[in-house]
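What follows is a short report on a single structure.
We're numbering straight along the sequence, starting at 1. Whatever order the structure lists ligands and atoms in, that order sets their numbers, starting from 1.
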Amino acid sequence: MADNSLKTSNPAAGQARRVLITGVTRGLGRAMVDEFARLGHVVIGCGRSAKIIGELQAGFGAPHRFDVVDVASDTEVQAWAAEVLTSHGGPELLLNNAATINRNAALWRVPAAEFDAVIDVNIKGVANVIRHFLPAMVKVERGIVVNFSSGWGRATDAEVAPYCATKWAIEGMTRALAQELPRGMAAVPLNPGIIDTEMLRNAFGDAAGSYPSAQQWAKQAVPFLLRIGPKDNGRPLTVS
Ligand SMILES: NC(=O)c1ccc[n+]([C@@H]2O[C@H](COP(=O)([O-])OP(=O)(O)OC[C@H]3O[C@@H](n4cnc5c(N)ncnc54)[C@H](OP(=O)(O)O)[C@@H]3O)[C@@H](O)[C@H]2O)c1
């Protein structure tokens with residue numbers, strides 16, 4: 001566990017935001033935890049790896065909050081949302097980051113269970129989180145929803161058809177959601193770029209090493225995420 005003594009600074013009054021991030025145990029989610037907390041924001045996160053969630057809880061402490069939740073389970077997300085909405089209130093920035101990718105294979109060689117898992121996490125997981133957290137945000141007509149998409153949500157490649165299917169779905173689902181929100185809120189699909197994470201290693205192998213680390217990415221991405229506002233509602237964005 002890294003030294004967290006510098007992880008929380010004091011932003012000017014009124015600037016600290018409650019940021020909910022799914023999939024915080026590694027990769028982009030883990031790097032965003034460090035960066036949002038370092039900038040003085042309150043992070044609420046989840047993932048399935050109990051050991052890492054325990055380390056995050058111990059390392060960051062209150063007011064940050066980390067829970068073991070499988071976003072693919074509507075009942076787990078429902079219970080988590082009830083607790084978080086009581087302890088923290090609704091998120092001001094909701095980042096649907098958790099996702100999984102199929103092992104590289106032609107579509108007809110992807111086993112049914114693996115295809116289902118990609119759909120369950122990447123599409124249904126996002127809908128589960130929206131179902132249980134968004135009502136509190138809509139009630140106060142405030143908050144930003146960022147659904148992590150991909151370059152493979154706007155283009156395609158061989159051997160990642162299940163993943164492409166889910167990220168194209170995220171683009172459509174998010175833009176439709178944007179049309180349902182009250183003024184003052186926003187929902188956007190976000191292509192984070194190409195970053196050296198476990199997911200990228202699964203798809204690219206060692207070639208992933210030529211891309212930026214999640215920590216480097218987060219330095220640029222977190223300020224970008226904090227700038228997303230109602231003016232962006234429904235716009236497909238790319239971290240730049
Ligand atoms: N890396 C890239 O170049 C790239 C490019 C385009 C888009 N993206 C998108 O960016 C996001 C983050 O990707 P990444 O590269 O950081 O992936 P990653 O390294 O594989 O990390 C994925 C995170 O999601 C969590 N997760 C997976 N299934 C979950 C579930 N059912 N419930 C809760 N948490 C779950 C994982 O934690 P547990 O295993 O502990 O649950 C992990 O913390 C994804 O949406 C991905 O599609 C990444």
for atom 26 (N) of ligand 1, nearest protein heavy atom and its distance come out as Ala98 CB, 3.8 Å
_Side-chain donor/acceptor of Asp232 to backbone N/O of Gly229, under 3.5 Å_ = yes
Among non-hydrogen protein atoms, atom 48 (C) of ligand 1 lies closest to Pro192 CG, 4.0 Å
- Message: Checking Ser49 against Arg26: is there a side-chain donor and acceptor pair closer than 3.5 Å?
- Response: no
Margin query: If the threshold is 4.0 Å, N to carboxylate O, is there a salt bridge linking Glu35 and Arg38?
Written below: yes
Ligand 1 to Ser150, heavy atom cutoff 4.0 Å, flagged ligand atoms 6 (C), 7 (C)
Problem - Test item, Tyr163 contacting ligand 1 (heavy atom, 4.0 angstrom) - result: yes
State if Gly125 counts as touching ligand 1 under the rule of any non-hydrogen atom under 4.0 Å. no
| said: Apply salt bridge (charged side-chain N to carboxylate O under 4.0 Å, His left out) to residues Glu92 and Arg142 and explain how you reach the verdict. | reply: CA-CA 7 Å; Glu92 291 156 303; Arg142 185 151 176 246; 3.3 Å; yes
Q. In terms of ring plane angle, is the pair Trp152 and Phe204 parallel, tilted or perpendicular, where the classes change at 30° and 60°?
A. perpendicular
Item to complete: Determine whether any heavy atom of Lys167 lies closer than 4.0 Å to an atom of ligand 1.
Response: yes
Got Pro91 and Met137 here, is their nearest side-chain heavy-atom distance under 4.5 Å? yes
Check your understanding: What do you reckon, does Asn97 have a nitrogen or oxygen under 3.5 Å from a nitrogen or oxygen of ligand 1?
Key -> yes
Check: Quick check: are there more than 12 heavy atoms from other residues, nucleotides or ligands sitting under 6.0 Å from CZ of Arg154?
Finding: yes
Quiz item: Are Thr100 and ligand 1 in contact, using a heavy-atom cut-off of under 4.0 Å?
Solution: no
**OP:** Test ring pair (Phe, Tyr, Trp, His ring centres under 6.0 Å) on Trp217 and Phe224 and set out the steps.
**Re:** CA-CA 11 Å; Trp217 172 86; Phe224 180 92; 9.5 Å; no
The protein heavy atom nearest to atom 18 (P) of ligand 1 is Arg26 NE, 3.6 Å
One finds that the ligand 1 atoms under 4.0 Å from a non-hydrogen atom of Gly27 are 16 (O), 19 (O)
The closest protein heavy-atom partner of atom 15 (O) of ligand 1 is Thr197 OG1, 2.5 Å
- Query: Of all the heavy atoms in Ser149, does at least one lie under 4.0 Å from an atom in ligand 1?
  - Reply: yes
One finds that the ligand 1 atoms under 4.0 Å from a non-hydrogen atom of Val24 are 43 (O)
Of all heavy-atom pairs linking Ile144 and Pro230, the shortest is CD1-N, 4.1 Å
**Message:** Taking distance alone, with N or O pairs closer than 3.5 Å, would you say Leu28 contacts ligand 1?
**Reply:** yes
shortest atom 22 (C) of ligand 1-to-protein heavy-atom contact is with Ala99 O, 3.8 Å
At under 4.0 Å between heavy atoms, what of Ala214 touches ligand 1? The answer is neither
Ignoring hydrogens and angles, tell me if any N or O in the side chain of Lys167 forms a donor-acceptor pair with the backbone of Phe148 under 3.5 Å.
yes
Atom 17 (O) of ligand 1: of Met199, Glu198, Lys124, the nearest heavy atom sits on Met199
- Message: With a 3.5 Å distance limit and no angle check, can you tell me whether Arg201 reaches the backbone of Ala208 through a side-chain donor-acceptor pair?
- Response: no
Atom 39 (O) of ligand 1: closest protein heavy atom, distance to 0.1 Å, is Arg48 NH2, 3.0 Å
Min side-chain heavy-atom separation Met32-Val222 under 4.5 Å: yes
Any heavy atom of Ser49 under 4.0 Å from ligand 1? The part involved is both
_pair Asn96-Val145: side-chain heavy atoms closer than 4.5 Å_ = yes
Closest to atom 43 (O) of ligand 1 among protein heavy atoms sits Thr25 OG1, 2.8 Å
Near Val69 (heavy-atom distance under 4.0 Å), the atoms of ligand 1 are 32 (N), 33 (C)
Taking only non-hydrogen atoms of Leu200 and a 4.0 Å limit, the atoms of ligand 1 in range are 3 (O)
Hey, is NZ on Lys51 packed in by over 12 heavy atoms from elsewhere, all under 6.0 Å?
no
Note: ligand 1 atoms sitting under 4.0 Å from heavy atoms of Phe148 are 10 (O), 11 (C), 45 (O)
Filtering Ile195, Val126, Asp70 for the heavy atom nearest atom 2 (C) of ligand 1 leaves Ile195
Among non-hydrogen protein atoms, atom 32 (N) of ligand 1 lies closest to Val71 N, 2.9 Å
Ligand 1 atoms nearer than 4.0 angstrom to some heavy atom of Gly193 are 3 (O), 4 (C), 5 (C), 6 (C)
Between the CE atom in Met199 and the OG1 atom in Thr100, the distance rounded to the nearest 0.5 Å is 5.5 Å
_If we only consider heavy atoms of Thr22, is any one of them less than 4.0 Å away from an atom in ligand 1?_
no
Minimal heavy-atom distance between Pro223 and Ala218, with the atoms involved, is CD-O, 3.9 Å
Near Ile194 (heavy-atom distance under 4.0 Å), the atoms of ligand 1 are 3 (O)
